[in-house]
Amino acid sequence: MTPRLLAALDAVDRTFGRFTCAADNPCTHCYGDDGIPELTVPGVLLGPDLLGSLTYRTPSMFEDHAAMVRRILPQMARGLADGTVHTFWPADHCLARTRWRGWPDDQARVISEVFDAWWEDLVTAPEPLHPVSQAFATYAAVSGDLARALASWPDDDVANRHFVAVSREWLDDLIVDDDPIDVLPFESEPTVAEIMSAWYVTTGADRLRGTDGALADLAALLGLPYDERMSRLYGAAPADAPT
């Protein structure tokens, strides 16, 4: 881990390490009549399966979802950093569904910094502990700003290799106006595809140009209307193009 990430995790511990929540805060149908007694004691570690469940459980399953998130934040943040908390469902991450940016300034700053530091640490690692696309989607979902997340992609050799790799996946979806990652509420405006396509046209294509010219040319096509895009790619009428 980078020194920045280690310092950010320590700040999370200092800021949130004393928080607790009621044992019966989570749904007792899901977690039993006694709830989760460990939540009432600050700093007591939760089992990995329980931590993962709480990290992605629907907010309506809690009497006070924000209180639960504050309680598990130190362990959850370290779990993301060491790869033991997964990133399979980015839009369902507890911080993506909590209005943490409206929390007290000291708490919001700590959360913002730890996720910025985690993303930077992960995407500059030759062998990241999470799939880069899923980690990026988690970072974007938690930050609540997909355009900012795209703009934050570090410009170094390792991060650029990861960018080329995920672009090969993402552009397959973007070229047909599909969302390549799940980070925003259903039917949001603008859509994930619209935000990402606009960024590729203005920035992403240029970043790809030095490493993969064909991929850069594909990204540049996102600035064209769908029908013209399909015609350029396949020489086909829209009805004959892939869907």
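Between Arg78 and Asp10 there is a salt bridge, since a side-chain N of the basic residue sits under 4.0 Å from a carboxylate O of the acidic one.
Crowding of Arg209 atom CZ: a count of heavy atoms from other residues, nucleotides or ligands under 6.0 Å exceeding 12. Within 6.0 Å of CD in Glu63 there are 12 or fewer heavy atoms belonging to other residues, nucleotides or ligands. Residue Asp156 qualifies as enclosed at atom CG: its count of foreign heavy atoms under 6.0 Å is above 12. Within 6.0 Å of the CZ atom in Arg99, the count of heavy atoms belonging to other residues, nucleotides or ligands does not exceed 12.
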Note to self: Evaluate Glu113 against Val12 for side-chain contact (heavy atoms from CB on, under 4.5 Å), listing each step before the verdict.
What the structure shows: CA-CA 9 Å; Glu113 171 60 13; Val12 170; over 6 Å; no
Next item on the list: Decide yes or no on side-chain contact (heavy atoms from CB on, under 4.5 Å) for Trp153 and Val123, but give the supporting numbers first.
Entry: CA-CA 8 Å; Trp153 203 293; Val123 77; 3.7 Å; yes
Next item on the list: Quick one: do Trp118 and Leu9 satisfy side-chain contact (heavy atoms from CB on, under 4.5 Å)? Show the steps, please.
Entry: CA-CA 9 Å; Trp118 169 67; Leu9 291 168; over 6 Å; no
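With values rounded to the nearest 0.5 angstrom, Trp119 atom CH2 is found 11.5 Å from His130 atom NE2. Here the CG atom belonging to Leu221 is positioned 10.5 Å from the OG atom belonging to Ser231, to the nearest 0.5 angstrom. Distance CG/Asp172 to CG/Leu218: 7.5 Å, rounded to 0.5 Å. One finds the CG atom of Leu146 at 9.5 Å from the CG atom of Asp179 (value rounded to the nearest 0.5 Å).
Asp92 pairs by the side-chain hydrogen bond (donor to acceptor under 3.5 Å, both in side chains) definition with nothing, not counting sequence neighbours.
Judged by distance alone, with hydrogens and angles left aside, the side-chain atoms of Arg4 form no donor-acceptor pair with the main-chain N or O of Asp121 at under 3.5 Å. With Thr58 contributing its side chain and Met61 its backbone, the two residues share no donor-acceptor pair below 3.5 Å. Side chain of Thr138 to backbone of Gln134: a donor-acceptor contact under 3.5 angstrom is found. Between the side chain of Trp199 and the backbone N or O of Ala147, no donor-acceptor pair lies under 3.5 Å.
Hydrophobic clustering (ILVMFWY, side-chain heavy atoms < 4.5 Å, transitive): Val192 and Phe88 are in distinct clusters. The hydrophobic clustering, which links ILVMFWY residues whose side-chain heavy atoms are closer than 4.5 Å, places Leu171 and Leu224 together. Met68 and Leu51 fall within a single hydrophobic cluster, where Ile, Leu, Val, Met, Phe, Trp and Tyr side chains are chained together by heavy-atom contacts under 4.5 Å. Transitive grouping of hydrophobic side chains (ILVMFWY, heavy atoms separated by less than 4.5 Å) brings Val164 and Phe136 into a common cluster. Put simply, Tyr56 and Leu129 are part of two different groups of oily side chains (I, L, V, M, F, W, Y) that touch within less than 4.5 Å, one to the next.
In this structure, Trp89 and His86 have perpendicular ring planes: the angle between them is above 60°, well past the 30° mark. The aromatic rings of Phe163 and Tyr200 sit parallel, their planes meeting at an angle under 30°, below the 60° perpendicular limit.
The one candidate from Thr55, Thr98, Val85, Val69 that meets the side chain to side chain contact (heavy atoms under 4.5 Å, CB included) condition with His93 is Thr55. Of the options Pro128, Pro154, Ser167, Ser133, a side chain to side chain contact (heavy atoms under 4.5 Å, CB included) to His162 is made by Pro128 and by none of the others.
Aromatic rings of Trp100 and Phe115 (six-membered ring for Trp) have centroids beyond the 6.0 Å cut-off, not under it.
Here the side chains of Trp103 and Ile111 are in contact, with some heavy-atom distance below 4.5 Å.
Sorted by first then second residue, the salt bridge (charged side-chain N to carboxylate O under 4.0 Å, His left out) pairs that include residues 122-149, not counting sequence neighbours, are Asp116-Arg148.
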